[in-house]
Amino acid sequence: MVENLVIVESPAKAKTIEKFLGKDFLVMSSFGHVRDLEKKGFGVDIENNYTPKYIVSTDKKKVVTELKKLSKEAKTVWIASDEDREGEAIAWHLMEVLGLDVAKTKRIVFHEITKEAILKAIETPRNLDISLVNAQQARRVLDRLVGFEVSPVLWKKVKPALSAGRVQSVAVRLIVEREREINKFTPTSAFRVTAIFKVKDANGKTVDLKAELPQRFNTKEETLAFLEQCKNAEFSIADITTKPSRRSPAAPFTTSTLQQEASRKLGYSVSQTMTIAQRLYENGKITYMRTDSVNLSGLAINTAKETIYDTLGEKYHKVRQYKTKAKGAQEAHEAIRPTYIQNNSVDGTAQEKRLYELIWKRTIASQMADAELEKTTVTINVSTSDKHFVATGEVLKFDGFLRVYLESKDDEEENGSDAGLLPPVKVNDVLDMKQVDCVQRFSLKPPRYTEASLVRKLEEQGIGRPSTYAPIISTIQNRGYVVKEDREGVERQYDTLTLKKGEIKEATKTEITGAEKSKLFPTDIGLVVNDYLIKNFEMILNYSFTANVEAQFDEIAEGEREWTQMIDEFYHPFHEKVENALQTSEKANAERILGNHPETGKVISVKIGRYGPLAQLGETTNGDSDEPAEEKPQFASLRPGQSIETITLEEALELFKLPRQLGEYEEKVVTVAIGRFGPYVRHDSKFFSLEKNVDDPLTIQLDRAIELIEVKREKDRKAVIMTYDEDPEVRVLNGRFGPYISYKKKNYKIPKSQKPEELSLEECMKIIEAGPKKATRGKKKSK
DNA sequence: CAGTGAGCGAGCTTCCGCTTGACTT
């Protein structure tokens, strides 16, 4: 029998709190929400004032039963879910589901997991805030109505199993619009002019002084004209100014900024970062990792101070309080920080260590003094021109927080000329010009989103929550709207002009531009769905939709508005759009006519087909009539990286060069084609991949194809550990994850206690009968 | 999991946000 039962959301949190509270308190976890809207149908009774139909989630039945039992026994139940909209709703659902007696139930909240904060919370319990709960119900019902009314429209008008939602559809829109900006973009170029002068340093040694012309020349002629002027010019120092400047550290990590920095500095994907952070949290190394707050507890600020005093000295310390500026932030937790700030490293995997170190540095730096710099600007006259060269130098007077941590930037900046210390020069000094370089530079196209920069953008717009950033990224990829890919760059030529020893030399050089690594690209399905949604549901796709409804949720939370009334006002015009789209909108297949075949004159077009984007040669109907054409059209799938929107007639023609017949082997036809997993040879209804970067499907010959077939056969033979004459369908194979049993297209794990090479047929059959009959067919990871 | 693209129809798909394991051909 336990006196006090405390319920929190996370088991790791429960463990910590139990230590603070002592013997009279039992701390349990609800593992997040315990109830949700019914999964099938709307889960909302629209006719009946939007009454939600809640059911206990299947994976929460056990927890609920246990909590029910414990809460019956306890004298007092303390519900300590987070103090935000979702947390309040969890508290309410718990009270409902557990059938808690109001008289013995207390609602408590705290924003930091410190003993002080928790004891204080216990002393000051409050009542459940039903307005806040209602705001959550409105959020939940609105998301359900939007998702479950719009998605079926897509199934009918575009393709089955697609989805739309308040958050995911806007995320896709961002990526689609950025891609179109990039496609539209035409770079302009200009000549950047830099000069190197020879000067003496403090020791009398000759060193380079680098300077740049603040303006660029648009044409080669202008550039050349300027260089001509430089030939006989005198270069002298007109002015030297020095200006102090300061830099301040960035705020401690939130989920979004942690994801961005871990991506930039450590190369982690958004979901990788969260998985690693979760482990650090569970091991008590860091505070909660799903937060939108930059706030540090008083304890943390003090420990940071002590740590900085001890390791770097007092002058490196500065107390700083940060204010969260993210739209819609709910600040139920602290910022992400080390639990024990005095520990600058932890045990764990290499990945955990690196992420911890990043969090530690960011936290410490956030409590450190500004860096102090001095920027020197030297202006250099050109006697034959009214233009000036400018040299800048930056000296670090005091490193401050830079000693520990510097935030990275997303966009690689162009002139990465690290301004350092300038050599000693004085006004009126005449300089010895070594050379002047003019390089043609191109304007940069807008950058494609990375996972992390998309998260930043979503957060800026107040779309999504810390717990959903990583899932959003997977959803839009799982639905096939977006792919994360590398793309090779293309060669580009640029001109250079150099003036050296009174002579001007011209040259044309090549560079690689537009290469992308792990960037988000819209697929053709993504483009089609996005355009369809914008046309028919602009209200939902609008970037400010979330902000608008959030403002209304706030009114509900303040008790100023009835939640069902808000939903009602939204639903009627929205539902009308749904009906309208179902009845009047065209099926969207994004068909585009590319032109005619140069020899046969047949029409070549591209569109979205049942299995994805395809190119079509010839027509299905005869001319303008509905009669089927005498000759069936030919089809070919688009290759990865190709898009309906940008493919050219020439590229489409290439697609029809495959499949090719190479000849016969063992009396069966050998063909070569390109499939979803790249080029392959097909023989006797078996597939053999071509070797990457070695074989070309357009030129490969029969003898090489046979070689590939034989190599694969040999490899397969080696993968077989055991076969049985009695039942040839049972085989013990060696796979990617070690030995396994294959039987009738299904696979079974071999228990560790058994040696695969000693398995008898009976033992295999036993494993097969006991083993989970999971299909091997790849299933989407959805729940 | 690779090839396909006539048409019909049954039955299915889907949201966002709060939490962890289970499990991996």
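So that the names make sense, note that chain A is the first sequence line, chain B the second, and so on, each numbered from 1. Source: prediction; values computed, not measured.
Counting only Watson-Crick or G-U wobble pairs whose defining distances are both under 3.5 Å, DNA chain B contains no stem of 3 or more consecutive pairs.
Every residue meeting the side chain to side chain donor-acceptor pair (under 3.5 Å) condition with A/E331, not counting sequence neighbours, appears here in chain and number order: A/S293, A/T324. Partners of A/Q642 according to the side chain to side chain donor-acceptor pair (under 3.5 Å) rule, which considers only residues two or more places apart in sequence or in another chain, do not exist here. Partners of A/S81 under the side chain to side chain donor-acceptor pair (under 3.5 Å) rule, at least two apart in sequence or in another chain, are A/R107. Considering only residues two or more places apart in sequence or on other chains, A/E691 meets the side chain to side chain donor-acceptor pair (under 3.5 Å) condition with A/R704.
Checking B/dG5, B/dT14, B/dA2 against every side-chain atom of A/S163, the shortest atom distance belongs to B/dT14. Closest to the side chain of A/R479, from the set B/dT19, B/dC15, B/dT20, is B/dC15.
Where stacking is scored as ring centres under 5.5 Å apart with planes under 30°, A/W155 does not register as stacked on the base of B/dT14.
Using P as the reference atom, B/dC1 and B/dT24 are 15 Å apart when rounded to the nearest Å.
Residue pairs meeting the side-chain hydrogen bond (donor to acceptor under 3.5 Å, both in side chains) criterion with at least one member in residues 159-169 of chain A, sequence neighbours excluded: A/D143-A/R166, A/S163-A/Q168, A/S163-A/R479, A/R166-A/T546.
Considering only side-chain N and O atoms, A/T468 lies under 4.0 angstrom from the phosphate OP1 or OP2 of B/dG17.
Aromatic ring centres of A/Y288 and A/Y281 lie closer together than 6.0 Å.
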